[in-house]
Amino acid sequence: MIVRSVVLVLACGLTASLNAQTQPSAATVFQNVRIFDGKVGRLSGSSYVLVRGNRIEQISSTPIPADRRADALLIDGGGRTLMPGLIDVHWHAMLVRPTPAAAMAADVGYTNLVAAAEAADTLLRGFTTVRDLGGPSFGLKRAIDEGIVAGPRIFPSGAVITVTSGHGDFRQLFELPRILGGPPTRMEALGASMVADSPDEVRVRVREQLMLGASQIKLTAGGGVASPHSPLDVSTFTEPELRAAVEAAENWGTYVTVHAYTPATIRRAIAAGVKCIEHGHLMDEATAKLIAQQGIWLSIQPFPDEMADVFPPGSQEREKAQEVLAATERAYALAKKYRLKTAFGTDVLFSQALAQRQGSLLAKLVRWYTPAEALVMATGTNAQLLAMSGKRSPYPGKLGVVEEGALADLLLVDGNPLEDIKLVEDPAKNFVLIMKDGKIYKNTLGR
Ligand SMILES: [Zn+2]
């Protein structure tokens with residue numbers, strides 16, 4: 001009985017504090033902040049920012065008359081940095097914490113609750129938006145958008161679409177052969193990935209994801225590191241299959257992005273009308289040139305050196321991870337040389353520990369970019385990639401920038417991240433206030 005009431009008190013306490021933090025304030029005024037606007041790599045002078053509802057209404061270098069309504073909140077920034085919420089354009093909200101086996105076999109209710117806990121942590125790391133590149137995240141997204149649980153905005157792709165044996169085909173060999181028109185496999189029933197082996201099948205699977213609410217479509221055009229059945233060097237979809245996906249997505253006002261590492265895979269995807277390449281680590285000089293000429297996005301990740309360690313020594317997956325890691329240096333060099341439209345994402349999979357280093361992975365970009373360039377990439381530039389969803393964006397309005405009229409996703413940082421990017425490695429300490437959609441989810445000022 002005592003145990004029970006303690007649990008009850010704990011549960012009520014949690015609910016109360018979550019509600020208190022997420023009560024929308026009609027207006028918030030940030031006083032005396034220096035702004036990093038997500039576009040230009042320097043701070044403004046002392047500024048004042050008024051947020052009303054979910055938008056930034058006014059930015060001024062002189063004090064904004066405080067809204068006298070009782071529900072107006074005044075925040076004394078004390079000269080701290082106000083910047084846009086961070087964006088991760090390669091995320092898998094449903095696959096961050098579970099093991100691959102648990103993702104496939106665990107109770108779906110449990111999987112969703114685990115993903116919700118991770119989503120709250122993601123937001124509290126300062127990532128106010130993620131582009132989800134595979135996994136059944138529609139329910140989580142809806143619960144976040146309705147304010148039932150805390151989490152980032154999600155641009156969902158729904159299920160990854162792959163070919164038989166491709167990256168994302170996690171079936172066991174004994175499950176072959178597939179009977180065309182037969183019942184869905186476990187991964188398909190979950191909405192994690194869909195197998196399609198002809199242009200017609202691709203069209204069906206793409207349109208299903210769009211019907212579910214996908215803001216963009218993700219196909220795996222070549223082999224991958226973590227996939228058991230696809231070598232890294234293979235191209236999987238044919239050009240007509242890729243083109244079928246592109247056509248269906250474009251009819252719906254959005255675009256296709258593909259998982260692709262090798263020059264051959266990247267070139268085929270571009271020929272088919274794909275607008276964004278995920279990874280691209282193994283590209284060569286000629287392919288980088290093509291990406292530049294065609295104005296294609298490169299969504300590449302500074303994978304952590306330990307990525308290979310999660311696979312058993314001697315395994316093919318470990319070898320593939322090492323090959324990708326070894327190519328990372330050159331890929332970023334090419335991206336810089338040809339001024340590719342480069343976006344930042346992490347692609348954290350199956351590791352809560354790694355997810356906690358999401359900010360560190362961003363800071364890792366200073367190997368190739370200045371802190372300011374890295375932070376512009378993770379805010380204003382990433383938002384331009386999100387904007388390719390057009391009217392299929394779930395969140396009409398401007399993201400990734402601090403400007404009048406933009407959506408109010410804001411971080412108040414204790415220090416200047418443009419000088420010291422390591423501040424983003426410890427969000428618990430250095431992000432003293434986190435706002436998403438005009439609502440404050442964290443505020444440690446005055447404590
Ligand atoms: Zn991925």
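By convention here, the first residue in the shown sequence is residue 1. Just follow the structure's listing: the first ligand is 1, and inside any ligand the first atom is 1. Just so we're clear, the structure is a prediction, and the values are computed from it rather than from any experiment.
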Indicate yes or no for a side-chain donor-acceptor contact from Glu188 to the backbone of Val195 under 3.5 Å, with no hydrogens or angles considered. yes
Are Arg318 and Asp309 close enough for a salt bridge, meaning some N to O gap below 4.0 Å? yes
Atom of Asp347 closest to the Zn ion (ligand 1), considering N, O or S atoms: OD1
Nearest to the Zn ion (ligand 1), which N, O or S atom of His92 do we find? NE2
Without hydrogens or angle criteria, can the side chains of Ser315 and Glu319 be said to hold a donor-acceptor pair below 3.5 Å? no
Any N/O/S atom, side chain or main chain, of Glu278 closer to the Zn ion (ligand 1) than 2.8 Å?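 No, outside the cut-off.
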Has His90 got an N, O or S atom lying less than 2.8 Å from the Zn ion (ligand 1)?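 For His90, the answer is yes, given that an N, O or S atom comes within less than 2.8 Å of the Zn ion (ligand 1).
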Aromatic rings Tyr332 and Trp368: how do their planes relate, parallel, tilted or perpendicular, breaks at 30° and 60°?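 Plane angle under 30°, so parallel.
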